[in-house]
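To start, the structure under review is shown below, and the notes come after it.
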Amino acid sequence: MNFEYKIAVLKDIPDIKALMKLSIQALLGPYLTKNQLKASFESMGLDDQLIKDKTYFMIFTKENFVGCGGWSNRKTLFGSNHTPNRDESFLDPKVDSARIRAMYTHPDWARKGVGSFIMMLAEQEAKKAGFKKCELMATQAGKPLYKIHGYKIIEEILYKSLSGLTVPMMKMEKDI
């Protein structure tokens, strides 16, 4: 599949948020209970710092916006602007792993290479920035993609949202 990409800018946020919501409901929903899905919406979404840092990609095929995702050189591992686990301090590429962040695919384009394309772009850019490893927080729906790309589970967690709901996630890592 021939995909094109652009670096997201702040005016793209409404389109990105719409795709994220659709992706979470349609692609992650079947893996989770109703309460786990609610917890996912509390733990996932857009961190606009990625856009400000120019490390967030929008993926297109012709005129269709089919996915988004990126990487970060900041300590926050996952979550959105409203998630309480944020740490905007910078990572040290000599000792820390770059973060693969906020990957979402339009349901009509699932399993067609969008996620793999984002992974390639993000890992390539992290490597250019001097990182030797990448890590991410995987959902149940994302775990198969990350395993195919060589990521290993290093920790399984049960994320507890601010409302007290929980959702299982996996911290994964890979040498790049």
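Keep in mind that what you see is a predicted model, and the values were worked out from it rather than measured.
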* To do: Establish whether Y104 and I118 are linked, either directly or via other cluster members, by ILVMFWY side-chain heavy-atom contacts under 4.5 Å.
  => no
* Going from CE on M103 to CZ on F57, what distance comes out if it is rounded to the nearest 0.5 angstrom? -> 10.5 Å
* To do: Among E88, K52, R74, R99, find the one that has a side-chain contact (heavy atoms from CB on, under 4.5 Å) with D47.
  => E88
* Hey, are E4 and K6 close enough for a salt bridge, meaning a charged N less than 4.0 Å from a carboxylate O? -> no
* Under the 3.5 angstrom rule, does the side chain of D96 hit a backbone N or O of P93 as a donor-acceptor pair? -> no
* **Polar side-chain atom of D92 near backbone of K94 as donor-acceptor pair, under 3.5 Å** => yes
* To do: Decide, yes or no, whether a salt bridge links K132 with D175 under the criterion of side-chain N to carboxylate O below 4.0 Å.
  => no
* **Parallel, tilted or perpendicular: ring planes of F3 versus F117, cut at 30 and 60 degrees** => tilted
* Salt-bridged, K152 to E173, with N to O below 4.0 Å? -> no
* Asked: So, do M170 and Q140 sit near enough that their side-chain heavy atoms are less than 4.5 Å apart?
  -> yes
* Of all the heavy-atom pairs spanning S97 and F131, show the shortest one and how long it is. => C-CD2, 3.9 Å
Identify each donor-acceptor pair in which a side-chain atom of residues 13-28 lies under 3.5 Å from a protein atom, sequence neighbours left out, and give them as a table.
residue: S23; atom: OG; partner: T105; partner atom: N; Å: 3.4
residue: S23; atom: OG; partner: T105; partner atom: O; Å: 3.1

* Asked: Does any pair with a residue in residues 138-176 pass ring-ring contact (aromatic ring centres under 6.0 Å, His included), and if so which ones, sequence neighbours excluded?
  -> F78-Y159
* What distance do D53 atom CG and I7 atom CD1 have between them, rounded to the nearest 0.5 Å? -> 11.0 Å
* Asked: Backbone N or O of S72 within a donor-acceptor pair of the Y56 side chain at under 3.5 Å?
  -> no
* To do: Look at the side chain of T61 and the backbone N and O of N64, then say whether any donor-acceptor pair between them is shorter than 3.5 Å.
  => no
* **Minimum side-chain heavy-atom gap I100-K174 below 4.5 Å** => no
* Asked: Does the T76 side chain pair with the main chain of D87, one donor and one acceptor, at a distance under 3.5 Å?
  -> yes
* **R101 side chain vs G79 backbone, donor-acceptor pair below 3.5 Å** => yes
* To do: Mark yes or no for whether Q36, through its side chain, and T33, through its backbone, hold a donor-acceptor pair below 3.5 Å.
  => yes
